[in-house]
Amino acid sequence: MSPDTVDKVDKEHRGIPKAIFLEDVDGYMKSTTPEKQAATVLKEFDEQLQKYKYMELNLLQRKKRLRAQVPDIEKTLEIVQHMLKKEVEFQTHFQLSDQVHALATVPPTDRVLLWLGANVMLEYSIDEAIILLTKNLNTANINADQLDDDLGYLSNQITTMEVNMARVYNWDFKRRKAVAEGPAK
(Lines give C-alpha, C1' and ligand atoms only; values in the text may rest on other atoms or scores of the structure.)
Protein backbone atom coordinates (compact mmCIF):
# COMPACT_ATOMS: atom_id res chain seq x y z
CA MET A 1 0.00 0.00 0.00
CA SER A 2 1.28 3.43 -0.84
CA PRO A 3 1.36 6.17 1.84
CA ASP A 4 -1.44 7.98 -0.03
CA THR A 5 -3.63 4.88 0.15
CA VAL A 6 -2.91 4.43 3.86
CA ASP A 7 -3.83 8.08 4.50
CA LYS A 8 -7.03 7.63 2.50
CA VAL A 9 -8.00 4.53 4.48
CA ASP A 10 -7.34 6.32 7.81
CA LYS A 11 -9.44 9.31 6.79
CA GLU A 12 -12.17 7.17 5.28
CA HIS A 13 -12.63 5.15 8.43
CA ARG A 14 -12.16 7.98 10.91
CA GLY A 15 -9.20 6.54 12.77
CA ILE A 16 -10.68 3.12 13.44
CA PRO A 17 -7.63 0.92 14.11
CA LYS A 18 -7.14 -2.03 11.81
CA ALA A 19 -7.37 -5.47 13.40
CA ILE A 20 -4.43 -7.66 12.47
CA PHE A 21 -5.36 -11.17 11.34
CA LEU A 22 -3.26 -13.87 13.02
CA GLU A 23 -2.19 -16.19 10.25
CA ASP A 24 0.37 -18.02 12.40
CA VAL A 25 -1.03 -18.31 15.91
CA ASP A 26 1.82 -20.51 17.07
CA GLY A 27 4.40 -18.00 15.85
CA TYR A 28 2.47 -15.12 17.44
CA MET A 29 2.22 -16.86 20.79
CA LYS A 30 5.95 -17.69 20.76
CA SER A 31 6.96 -14.18 19.65
CA THR A 32 5.26 -12.38 22.52
CA THR A 33 7.75 -11.42 25.18
CA PRO A 34 7.60 -12.49 27.81
CA GLU A 35 5.69 -15.46 26.48
CA LYS A 36 2.09 -14.76 27.33
CA GLN A 37 -0.51 -17.13 28.53
CA ALA A 38 -3.36 -17.72 26.08
CA ALA A 39 -5.77 -16.30 28.66
CA THR A 40 -3.85 -13.01 28.68
CA VAL A 41 -3.90 -12.80 24.88
CA LEU A 42 -7.61 -13.65 24.83
CA LYS A 43 -8.24 -10.93 27.41
CA GLU A 44 -6.37 -8.36 25.28
CA PHE A 45 -8.28 -9.42 22.17
CA ASP A 46 -11.56 -9.25 24.07
CA GLU A 47 -10.74 -5.72 25.22
CA GLN A 48 -10.05 -4.71 21.62
CA LEU A 49 -13.27 -6.39 20.52
CA GLN A 50 -15.23 -4.47 23.15
CA LYS A 51 -13.66 -1.22 21.91
CA TYR A 52 -14.80 -2.05 18.38
CA LYS A 53 -18.29 -2.83 19.59
CA TYR A 54 -18.39 0.46 21.51
CA MET A 55 -17.32 2.31 18.35
CA GLU A 56 -20.01 0.45 16.41
CA LEU A 57 -22.67 1.47 18.92
CA ASN A 58 -21.60 5.13 18.70
CA LEU A 59 -21.58 5.07 14.90
CA LEU A 60 -25.04 3.47 14.84
CA GLN A 61 -26.38 6.18 17.15
CA ARG A 62 -24.84 8.91 14.98
CA LYS A 63 -26.32 7.31 11.87
CA LYS A 64 -29.75 7.14 13.50
CA ARG A 65 -29.62 10.85 14.46
CA LEU A 66 -28.41 11.80 11.00
CA ARG A 67 -31.09 9.75 9.24
CA ALA A 68 -33.71 11.44 11.43
CA GLN A 69 -32.43 14.89 10.38
CA VAL A 70 -32.67 14.22 6.64
CA PRO A 71 -36.51 14.16 6.45
CA ASP A 72 -36.67 17.40 8.48
CA ILE A 73 -34.23 19.13 6.15
CA GLU A 74 -36.09 17.82 3.09
CA LYS A 75 -39.42 19.02 4.47
CA THR A 76 -38.02 22.47 5.28
CA LEU A 77 -36.41 22.73 1.84
CA GLU A 78 -39.70 21.77 0.20
CA ILE A 79 -41.56 24.45 2.17
CA VAL A 80 -39.01 27.15 1.35
CA GLN A 81 -39.12 26.21 -2.34
CA HIS A 82 -42.93 26.38 -2.19
CA MET A 83 -42.70 29.86 -0.64
CA LEU A 84 -40.41 30.94 -3.48
CA LYS A 85 -43.13 30.04 -6.01
CA LYS A 86 -45.97 31.72 -4.10
CA GLU A 87 -46.39 35.39 -4.86
CA VAL A 88 -49.77 35.69 -3.17
CA GLU A 89 -50.94 35.22 0.38
CA PHE A 90 -51.76 31.60 1.28
CA GLN A 91 -53.01 29.62 4.27
CA THR A 92 -51.30 26.66 5.81
CA HIS A 93 -51.32 24.48 8.90
CA PHE A 94 -48.14 24.38 10.93
CA GLN A 95 -47.09 22.35 13.92
CA LEU A 96 -46.78 24.10 17.28
CA SER A 97 -45.95 20.92 19.19
CA ASP A 98 -46.42 17.18 18.77
CA GLN A 99 -50.21 17.23 18.93
CA VAL A 100 -50.99 20.91 18.31
CA HIS A 101 -51.31 22.50 14.87
CA ALA A 102 -52.42 26.01 13.95
CA LEU A 103 -53.85 27.65 10.84
CA ALA A 104 -51.75 30.54 9.58
CA THR A 105 -51.98 33.04 6.76
CA VAL A 106 -48.59 33.56 5.15
CA PRO A 107 -48.11 36.83 3.27
CA PRO A 108 -45.79 36.94 0.25
CA THR A 109 -42.23 37.33 1.48
CA ASP A 110 -38.66 37.11 0.31
CA ARG A 111 -37.29 36.26 3.78
CA VAL A 112 -37.57 33.17 5.99
CA LEU A 113 -36.45 32.32 9.50
CA LEU A 114 -34.64 29.00 9.86
CA TRP A 115 -34.30 27.23 13.17
CA LEU A 116 -30.68 26.11 13.34
CA GLY A 117 -30.88 24.41 16.71
CA ALA A 118 -29.32 25.26 20.07
CA ASN A 119 -31.91 28.03 20.49
CA VAL A 120 -30.65 29.80 17.36
CA MET A 121 -32.90 31.11 14.60
CA LEU A 122 -31.57 33.17 11.70
CA GLU A 123 -33.26 35.16 8.97
CA TYR A 124 -32.28 34.37 5.38
CA SER A 125 -33.46 35.41 1.98
CA ILE A 126 -35.35 32.57 0.34
CA ASP A 127 -32.51 31.99 -2.14
CA GLU A 128 -29.92 31.86 0.65
CA ALA A 129 -32.16 29.50 2.62
CA ILE A 130 -32.49 27.15 -0.35
CA ILE A 131 -28.72 27.15 -0.85
CA LEU A 132 -28.09 26.51 2.87
CA LEU A 133 -30.70 23.75 3.13
CA THR A 134 -29.48 22.06 -0.06
CA LYS A 135 -25.92 22.16 1.24
CA ASN A 136 -27.03 20.75 4.62
CA LEU A 137 -29.02 17.99 2.93
CA ASN A 138 -26.09 17.00 0.73
CA THR A 139 -23.73 17.06 3.70
CA ALA A 140 -26.11 14.92 5.77
CA ASN A 141 -26.41 12.37 2.97
CA ILE A 142 -22.64 12.26 2.43
CA ASN A 143 -22.04 11.84 6.18
CA ALA A 144 -24.63 9.05 6.33
CA ASP A 145 -22.91 7.26 3.44
CA GLN A 146 -19.53 7.65 5.17
CA LEU A 147 -21.02 6.22 8.36
CA ASP A 148 -22.28 3.23 6.36
CA ASP A 149 -18.76 2.69 5.00
CA ASP A 150 -17.28 3.05 8.48
CA LEU A 151 -19.80 0.57 9.89
CA GLY A 152 -18.91 -1.93 7.16
CA TYR A 153 -15.21 -1.51 7.90
CA LEU A 154 -15.84 -1.81 11.63
CA SER A 155 -17.89 -4.97 11.07
CA ASN A 156 -14.90 -6.51 9.28
CA GLN A 157 -12.61 -5.57 12.19
CA ILE A 158 -15.03 -7.14 14.69
CA THR A 159 -15.15 -10.34 12.64
CA THR A 160 -11.34 -10.42 12.42
CA MET A 161 -11.00 -10.07 16.20
CA GLU A 162 -13.60 -12.79 16.81
CA VAL A 163 -11.75 -15.13 14.44
CA ASN A 164 -8.44 -14.31 16.14
CA MET A 165 -9.94 -15.10 19.53
CA ALA A 166 -11.30 -18.41 18.28
CA ARG A 167 -7.93 -19.32 16.76
CA VAL A 168 -6.03 -18.51 19.98
CA TYR A 169 -8.57 -20.47 22.02
CA ASN A 170 -8.23 -23.48 19.68
CA TRP A 171 -4.42 -23.18 19.78
CA ASP A 172 -4.50 -23.19 23.59
CA PHE A 173 -6.91 -26.13 23.63
CA LYS A 174 -4.63 -28.19 21.34
CA ARG A 175 -1.58 -27.20 23.41
CA ARG A 176 -3.23 -28.26 26.68
CA LYS A 177 -4.49 -31.47 25.10
CA ALA A 178 -0.97 -32.27 23.84
CA VAL A 179 0.50 -31.55 27.29
CA ALA A 180 -2.11 -33.78 28.93
CA GLU A 181 -1.53 -36.62 26.44
CA GLY A 182 2.27 -36.17 26.39
CA PRO A 183 3.18 -38.09 29.56
CA ALA A 184 0.56 -40.79 28.83
CA LYS A 185 2.36 -41.89 25.65
Side-chain angles (χ1 to χ4, degrees), residues 1-77 97-98 114-120 132-185:
M1 245 190 228
S2 73
D4 293 336
T5 309
V6 172
D7 288 343
K8 183 180 179 202
V9 169
D10 287 342
K11 289 179 185 174
E12 190 174 85
H13 299 293
R14 301 174 198 226
I16 299 169
K18 181 174 175 61
I20 305 300
F21 178 71
L22 294 182
E23 291 186 37
D24 180 16
V25 178
D26 195 43
Y28 176 78
M29 294 303 286
K30 288 178 182 175
S31 71
T32 56
T33 44
E35 194 168 321
K36 294 182 181 178
Q37 296 278 334
T40 306
V41 172
L42 286 171
K43 182 179 177 188
E44 290 172 1
F45 284 0
D46 187 53
E47 287 173 2
Q48 185 65 33
L49 179 64
Q50 294 310 314
K51 289 177 187 176
Y52 283 135
K53 288 187 177 189
Y54 179 74
M55 287 182 222
E56 181 182 43
L57 179 65
N58 284 335
L59 289 176
L60 286 170
Q61 289 173 344
R62 286 177 54 195
K63 180 181 173 185
K64 184 179 177 181
R65 281 193 308 270
L66 201 54
R67 291 289 183 203
Q69 287 177 346
V70 169
D72 291 340
I73 296 171
E74 288 173 339
K75 185 178 174 183
T76 304
L77 181 59
S97 67
D98 287 339
L114 294 180
W115 185 262
L116 301 179
N119 294 327
V120 176
L132 177 69
L133 290 168
T134 302
K135 184 181 115 194
N136 289 353
L137 181 61
N138 290 338
T139 301
N141 285 327
I142 288 169
N143 288 344
D145 291 342
Q146 287 176 344
L147 284 173
D148 286 338
D149 290 343
D150 291 347
L151 284 166
Y153 178 80
L154 196 53
S155 176
N156 289 339
Q157 304 317 299
I158 289 171
T159 301
T160 300
M161 289 308 298
E162 289 171 341
V163 169
N164 285 344
M165 289 175 69
R167 292 181 60 148
V168 169
Y169 179 82
N170 290 342
W171 174 88
D172 188 46
F173 179 79
K174 286 179 186 176
R175 183 186 58 83
R176 281 193 262 152
K177 185 176 178 184
V179 167
E181 292 175 352
K185 287 186 178 178

On a heavy-atom basis, which atom in [X] and which in [Y] lie closest, and how many Å separate them?
| X | Y | result |
| --- | --- | --- |
| Ala140 | Val70 | CB-CG2, 3.9 Å |
| Pro17 | Met55 | CD-CE, 3.9 Å |
| Pro71 | Ala68 | CD-O, 3.3 Å |
| Leu66 | Ala144 | CD2-N, 3.3 Å |

For this session: Go through the structure and list residues passing side chain to side chain donor-acceptor pair (under 3.5 Å) with Asn164, not counting sequence neighbours.
Result: none

Seminar exercise, completed: Residues passing the side chain to side chain donor-acceptor pair (under 3.5 Å) test with Glu44, sequence neighbours excluded, are Lys36

Rounded at 0.5 Å granularity, tell me how far [atom1] in [X] sits from [atom2] in [Y].
| X | Y | atom1 | atom2 | result |
| --- | --- | --- | --- | --- |
| Asn156 | Lys18 | CG | NZ | 8.5 Å |
| Glu162 | Thr160 | CD | OG1 | 9.5 Å |
| Ser155 | Leu59 | OG | CG | 11.5 Å |
| Leu154 | Leu147 | CG | CG | 11.0 Å |
| Asp150 | Asn58 | CG | CG | 12.5 Å |
| Leu49 | Glu56 | CG | CD | 9.5 Å |

Exercise. Is a salt bridge present between Asp46 and Lys43, judged by a nitrogen-to-oxygen distance below 4.0 Å?
Worked result: no

Contacts of [X] that satisfy side-chain contact (heavy atoms from CB on, under 4.5 Å) - sequence neighbours left out:
| X | answer |
| --- | --- |
| Asp148 | Lys63, Arg67, Asp145 |
| Asp72 | none |
| Ile20 | none |
| Val163 | Phe21, Thr159, Arg167 |

Problem set entry | Crowding at CD, Gln61 (>12 non-hydrogen neighbours, <6.0 Å) | yes

For this session: Verify the neighbour count for atom OH of Tyr28: are there more than 12 heavy atoms of other residues, nucleotides or ligands below 6.0 Å?
Result: yes

For this session: Look only at the side chain of Tyr52 and the backbone of Met161, and say whether a donor-acceptor pair between them is shorter than 3.5 Å.
Result: no

Exercise. Is Asn141 reaching over with its side chain to a backbone N or O of Leu137, donor-acceptor style, under 3.5 angstrom?
Worked result: yes

Exercise. Quick one: does Asp172's side chain get under 4.5 Å of Leu42's, heavy atoms only?
Worked result: no

For this session: Please tell me if the side chains of Leu57 and Lys53 come closer than 4.5 Å, counting only heavy atoms from C-beta onward.
Result: no

